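Please read all numbers here as calculations on a predicted model, not as lab measurements. Each chain gets a letter, A, B and so on, in the order its sequence line appears, and its residues count up from 1.
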Amino acid sequence: MSGPSKYQPSSAVGKWFHERLPIVAFAKDHALDFPTPKNLNYWWTFGGILAVMLVVQILTGIVLVMHYTPQTDLAFNSVEHIMRDVNYGWLLRYMHMNGASMFFVAVYIHMFRGMYFGSYKAPREVLWMIGVIIYLIMMATAFMGYVLPWGQMSFWGAKVITNLFSAIPFVGDFVTTWLWGGYSVDNPTLNRFFSLHYLLPFVLAAIVFLHIWALHVVGNNNPTGINVKGPQDTLPFHPYYTMKDGFAIVVFLIVYGLFVFYGPNYMGDAVNYVPANPLVTPAHIKPEWYYLPFYAILRAVPDKLLGVIAMFSSILILLALPWLDTSRVRSGTYRPIFKGFFWVFVVVCIGLGFIGSKPPEGSYVLWGRILAFYYFFHFIVILPLLGLLETPKPLPASISDDVLAKQK
Amino acid sequence: MSTAVHADVNRRDFLMIATGAVAGVGAALVAWPFISQMNPDASVLALASIEVDLAPIAEGQAVTVKWRGNPLIIRHRSKADIDTAKAVKVSDLIDSASRNANVKGNADATDDNRVVGGKEQYLVMLGVCTHLGCVPQGDQGDFGVVTGNSTTGGWLCPCHGSQYDTAGRVRKGPAPENLPVPPYVYLTDTKIRVG
Amino acid sequence: MKKFTMLLIAGLVSFTGASFAAENATPAKPISFSFEGPFGTFDKAQLQRGYKVYKEVCSNCHSMRLVAFRNLADHGGPGFTEEQVKALAATFTVKDGPDAEGNMFDRPGLASDRFPSPFPNEQAAAAANGGAAPPDLSLITKAREGWHGTFNQLWSNIGGPQYVYSLLTGYEEPSEEIKKETPEGKHYNPYFVSGHFISMPPPLADGQVTFDDGAPNKVDDMARDVSAFLAWTAEPKMEERKQLGFMVLIFLSVFAGLMYFVKKKIWRDAH
């Protein structure tokens, strides 16, 4: 995408260094000069917001580890020690706890944006698939982090989710015992989850680097979905998008701050302030809100193994999305029928989240099944057919034409 | 260039500088909780004082108790110890400052300034060598009260050979300072509170 | 695009913190406390009265192991003086040791001690209380929900203090039918979180605790005071959190405003 670097070292030392490690040129080309479509809207700022949230989670996490004890008798108390005794411990812990939720808020917006504007389509398939892998690792990281305070929901969440693996035919029991390091979720489990919870964010950071690399090979998609035709269609990333992203990041931080300071436990579960008790299951086990749609799909299938398969498939199907959508037009803006189905799909996902938060009783069971069925129906039937049947609206000639037309 | 353009450029510069300044201040303020969290927390600060009963310590004996994670040496000195310490001229000392948190100002390291008046028999100090922090061993070295083959009083640091006398003053390097006397008060005749 | 925005926001709000409509627990009585809302603070006199109720009534069976006596003098708490804290800590007996001979010994509490538990361990607590160990009260108002529903909890918090208040004032003489269902040694209380039958007998009686400030001491008053006190023990940094949050949000709003104008200036000549 970017041509040969425009970076010219001005000093002799700079030149000497550049010949040995062209990192300054690299940074300038990719963080400052990178040509970016001039029509990106605010939905495109969530990539930057996600990067900020990853940094916030890593920084607050590193300092929390300085005070946390991964031992079943002490873990709960050490978290409360952070909340009560450590200087600003309450702030760091609430930032980390709500940061996870805000991270998922941002990632869901980022993903739905990609789906609406067709950002997964050629040539961005690999970029999209790396994104799906990032999302999977995020889910694993958040799950293991939630276990660490060792409250009731930590414990029972860990037990239920690790028990998913017992559905694997023949080796299921061995796998769960191996995951636990014992016959139940216990101290060995807590220790390994702590170790992995600390490791995975750095793996995530490395894969985010790949994600950005892949992005910079093919360039950004944009709201029109049409290709960049020349320099008249782009702007350098800095200062145009650094400032636009910066503004969006600060606004996002305000929302984040509202939760941290005025509703720190709103997105959590009260039961997690009860220390873990392996002998008593809380009345309603439910995961954190960001897993609820998948939890609903799990429960929609009455068979244990098939339920687990359905749940994992619902995420893995995103890897196939670039080939399931057969339309040649990227952006939903020019696909009148797709647009309607996109919003139905968003509502279905939210509906699944709602069902996931409810006990599996009465009409919730039926609705859960209908919505879970529709979730797959959207990917497997609607998207492939739409691409063949739908007549897209005419596309603008170029990005700059579109921008000029909108300004009139 | 017209003045209108000038004004515009100035306004833009001001806006950029103001925004940059706010961002910088914000970053500095955000850094504070991350730095402050490494300071001693409320539970550590609350445990910072201890009470010690001196009555069980016989003359010529020393006890070591833990205070703020460090060994605190309390020695019930004999008359010989005190006399030996008093006989030393301040000008002969490596470190002539008293290093006593209970004595105001730059007092000399006389024996009187190392203990509480009227309680000269009790020497209370941190057992942390002022060189690199090892714990000096009691009743050793060349600066205690030597009778025949045995030494009483005096401390020798096993790590690098620093020696302290019967008032805990450094007499032989490499340690640069006398063993520090922590803040303490007598609650009763034989009970002190340290910290 | 507006549709996209609105739907997505509505969706995310409705789905964050979605809660169960609990099928059998009666929602807590919606009383209000001084510490609610973005600028709410604790009523120091009320916390001091609540402490007295805890000390004279609750502490006989319930531990509060996460709270230290020194916390009672902390900023944003009941506002006892350091001297008062030392005196009231000394009224508790704390097990310490081992001493030089290796024995554990009892001594009066110090400000740095945490509240001692009335029972040496959970088994002893359960054995002494008909098989149900009284829960630790340090976090009780954060560990219980007074009511359910996503928006309900967004606007009026999770209602932990209201739950405690409702439970303490919610003992009822059961109907004949319920009486038959009541297990041996249990008491009917429709607000109790798990079923309607609770092991704890009604703990408060009118006039049981005499307050130094002469405040009313009916069951209702004492229940309010101790609920407020337990809201503080669960979230002792609440006042600090709200104060810092106010400043942070003002700062971020100013910063966002500046960033908006910077972005606008830069983009003005982009097209």
Checklist entry - Given the options A:Ile249, A:Asn77, A:Val260, which has more heavy-atom pairs under 4.5 Å with chain C than any of the others? => result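 The candidate making the most pairs under 4.5 Å is A:Asn77.
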Next on the checklist: Just so I understand: if I count every heavy-atom pair under 4.5 Å between each of A:Met243, A:Lys244, A:Glu288, A:Arg84 and chain C, which residue has the most?
Outcome noted: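 Of the candidates given, the most pairs with chain C belong to A:Arg84.
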Is it the side chain or the backbone of [X] that comes within 4.5 Å of chain C heavy atoms, both, or neither?
X: A:Pro275; result: side chain
X: A:Phe76; result: side chain
X: A:Leu91; result: side chain

Checklist entry - If you measure only the distance, is there a donor-acceptor pair under 3.5 Å linking the side chains of A:Asp233 and A:Ser400? => result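 Distance-only check passes for A:Asp233 and A:Ser400.
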Checklist entry - Is the cationic atom of C:Lys242 (NZ for Lys, CZ for Arg) positioned less than 6.0 Å from the six-membered ring centroid of A:Tyr262 and within 45 degrees of its normal? => result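 C:Lys242 over A:Tyr262 ring: no.
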Checklist entry - Given A:Tyr290, which of A:Tyr295, A:Tyr146, A:Phe104 fulfils the ring pair (Phe, Tyr, Trp, His ring centres under 6.0 Å) condition? => result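 Between A:Tyr290 and the candidates, ring pair (Phe, Tyr, Trp, His ring centres under 6.0 Å) is satisfied uniquely by A:Phe104.
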Next on the checklist: Can you confirm whether or not the ring centre of C:Tyr165 sits under 6.0 Å from the ring centre of C:Phe33?
Outcome noted: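 Centroid separation for C:Tyr165 and C:Phe33: 6.0 Å or greater.
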Next on the checklist: Below 4.5 Å, heavy-atom pairs only: which of C:Met238, C:Gln243, C:Glu240 has the largest tally toward chain A?
Outcome noted: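 That would be C:Glu240.
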Next on the checklist: Tell me whether the count of non-hydrogen atoms from other residues, nucleotides or ligands lying under 6.0 Å of CD in C:Glu36 goes above 12.
Outcome noted: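 Count over threshold, so yes.
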Checklist entry - Mind checking whether A:Tyr375 and A:Cys349 have side chains closer than 4.5 Å, heavy atoms only? => result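 Heavy-atom side-chain distance check passes, below 4.5 Å.
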Checklist entry - Considering heavy atoms only, which positions within residues 69-79 of chain C lie below 4.5 Å of chain A? => result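 Only C:Arg70 of residues 69-79 of chain C have a heavy atom under 4.5 Å from chain A.
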